[in-house]
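Inspection log for the structure reproduced underneath, given as structure tokens.
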Amino acid sequence: MAELCVVLVVDGAELDGGVKLKALVAAAKASGDIKGAFRGTAMFRQPAKAATKRLCFVGLGKEKDLSSERLRRAAALAQAVAEDAGAAS
């Protein structure tokens, strides 16, 4: 079982990660836990039978503002969150 799965989220975009991921994302968005704001993060523990122990979302902001620099900064944030969570590489 994976320790952590990090998903980069564009604000307002629909994720295409399969039925299970879509259901988790829809529930988190409905509760307001995922917003997609640039460098915004949200982490959720998953049920025992899930493929990963934790699911983390890192916001990329609006699609029109997306750049290689924003992707780099979001990836660095994702790495820091994973390290803080104790996820093994």
Report the distance from atom [atom1] of [X] to atom [atom2] of [Y], rounding to the nearest 0.5 Å.
X	Y	atom1	atom2	value
Gln46	Leu4	CD	CG	10.0 Å
Leu60	Leu71	CG	CG	6.0 Å
Asp65	Asp11	CG	CG	9.5 Å

Kindly indicate whether the side chain of Arg70, heavy atoms from C-beta on, has any atom under 4.5 Å from the side chain of Arg73.
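Arg70 vs Arg73: side chains apart.
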Please say yes or no: joined through hydrophobic side-chain contacts below 4.5 Å, possibly via intermediate residues, are [X] and [Y] part of one cluster?
X	Y	result
Phe44	Val6	no
Leu55	Val9	yes
Leu8	Val10	yes

Donor-acceptor pairs are to be reported for all side-chain atoms of residues 77-84 against protein atoms at under 3.5 Å, with residues two or more places apart or in another chain.
from, atom 1, to, atom 2, distance (Å)
Gln79, NE2, Glu83, OE2, 3.2

CD/Glu3: more than 12 non-hydrogen atoms of other groups inside 6.0 Å
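Atom CD in Glu3 is packed in, count exceeds 12.
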Shortest non-hydrogen contact from Ala74 toward Gly59
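Looks like CB-O, 4.5 Å.
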Checking the side chain of Arg54 only, and the main-chain atoms of Ala87 only, is there a donor and an acceptor separated by less than 3.5 Å?
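It does not hold such a pair.
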